[in-house]
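Okay, structure first, notes after.
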2 protein chains.
Amino acid sequence: MANYSAAVEPASADLDGIFTALADPTRRAVVRRLGTGPASVGDLADAFPITLPSFMKHVRTLEANGLIRTEKRGRVRTCVLRRDRLAAVDDWLAEQRLVWEQRTDRLERLVTDPKEERP
Amino acid sequence: MANYSAAVEPASADLDGIFTALADPTRRAVVRRLGTGPASVGDLADAFPITLPSFMKHVRTLEANGLIRTEKRGRVRTCVLRRDRLAAVDDWLAEQRLVWEQRTDRLERLVTDPKEERP
DNA sequence: GCAATACTTAGCCACATGGCTAACTATTCG
DNA sequence: CGAATAGTTAGCCATGTGGCTAAGTATTGC
């Protein structure tokens, strides 16, 4: 049994960044594309109708929030998805589900055991 | 077998809103709290160090993006979580995982069957 | 070595976001 | 009825976001 006890949401600042990064369709598309393997900034950018500098901002946002890693070799910057960071979203959802389930259990008990008082 | 074919991300506009709504710690905390059951705006707001009008904006954002429903009876507005909408996040993650797995399969084949050419 | 390539930097702009105060409306309680 | 309660509306403000153009730098190919 692990750490289900956090009174405050764990890693809140990280989640801010991760959700913010995923809130933009261009960035989600990049994440999706990188799911199929690494790609250069230029190759990625070709798929979008915005200028390179604008596109670069998205790349920086994704990197700043840990969703991708990038590395420059020669004049080419290659981007790689960091799948582990998306797990943070998974974790948040799981935690949320846990909260629901606890509630469901409580309701269950309410039906099963009439000793409990009504809200 | 369902619809795995979408060339473009399904429900992109919805995801924009959902991820945006979840990108704020106050709003995530509200979602979490509502996981334990409905609550009035005032009760929810008590947990946060911001003014009521500011808090109301978050409530409106959550409602506008479908994460909660709210209803006013008398002078009290009650908020309820819409769990079904959070499933959209789940779906996006699942789709993303599908992309990875396809890639993994490809790499697998590359190792298993040397006929395939290198990238 | 010169030109093309692949970003990068700098700076500007419009609009969205999240916070605030002040003042207002609508219910409910005594 | 009148006061307290629970939101709501309006308007202001600083900062953040996503887009652009123009110009610069560093590699690479001929």
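Everything numeric in this text was worked out from a predicted model, so none of it was measured. Order of the sequence lines fixes the chain letters, A, B, ..., with proteins taken first and strands second; residue numbering starts at 1 for each chain.
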For this session: With heavy atoms under 4.0 Å as the rule, sort Leu52(B) into base, sugar-phosphate or nothing.
Result: base

Problem set entry | Nearest-angstrom distance from the residue atom CD1 of Ile50(B) to C1' of dG18(C) | 8 Å

For this session: Any chance you could lay out the side chain to side chain contact (heavy atoms under 4.5 Å, CB included) test for Arg32(A) and Gln96(B), step after step, and finish with the verdict?
Result: CA-CA 6 Å; Arg32(A) 193 197 161 111; Gln96(B) 193 59 37; 3.9 Å; yes

Problem set entry | Asp24(B) side chain vs Thr26(B) backbone, donor-acceptor pair below 3.5 Å | yes

Problem set entry | Nearest-angstrom distance from the residue atom CZ of Phe55(A) to C1' of dG18(D) | 13 Å

Exercise. So, does Arg27(B) use its side chain to make a donor-acceptor pair with the main chain of Leu22(B) at under 3.5 Å?
Worked result: no

For this session: Measure from CG on Asp43(A) to C1' on dA6(C) and round the result to the nearest Å.
Result: 11 Å

For this session: Send over the distance from Asp24(A) CG to dT17(C) P, rounded to a whole Å.
Result: 12 Å

For this session: Figure out the CE/P separation between Met56(B) and dT21(C), and round it to whole Å.
Result: 17 Å

For this session: Could you please spell out the steps behind the side chain to side chain contact (heavy atoms under 4.5 Å, CB included) verdict for His58(A) and Val30(A)?
Result: CA-CA 9 Å; His58(A) 290 302; Val30(A) 169; 5.8 Å; no

Problem set entry | Distance test, side-chain N/O of Ser54(B) to OP1/OP2 of dC20(C), below 4.0 Å | yes

Exercise. When the distance from CG of Asp46(A) to P of dA6(C) is rounded to whole Å, what number comes out?
Worked result: 9 Å

Seminar exercise, completed: Of Pro53(A) and Lys57(B), the one whose closest nucleotide on DNA chain D sits nearer the 5' end is Lys57(B)

Exercise. Rounded to whole angstrom units, what separation is found between the CZ atom of Arg60(B) and the P atom of dA10(D)?
Worked result: 12 Å

Exercise. Using a distance-only test with no angle check, is there a side-chain donor-acceptor pair under 3.5 angstrom linking Thr70(A) and Glu63(A)?
Worked result: yes

Problem set entry | Aromatic plane relationship, Phe55(A) with Phe48(A) - under 30° parallel, 30 to 60° tilted, over 60° perpendicular | parallel

Exercise. Quick one: is His58(A) getting a side-chain N or O under 4.0 Å of the dG19(D) phosphate, OP1 or OP2?
Worked result: yes

Seminar exercise, completed: Note: Cys79(B) and Leu34(B) closest approach over all heavy atoms is O-CD2, 3.5 Å

Exercise. Using a heavy-atom distance cut-off of less than 4.0 Å, which residues of residues 61-81 of chain B contact DNA chain C?
Worked result: Gly74(B), Arg75(B)

Exercise. In whole angstroms, how far is the P atom of dT17(C) from the CZ atom of Phe19(A)?
Worked result: 17 Å

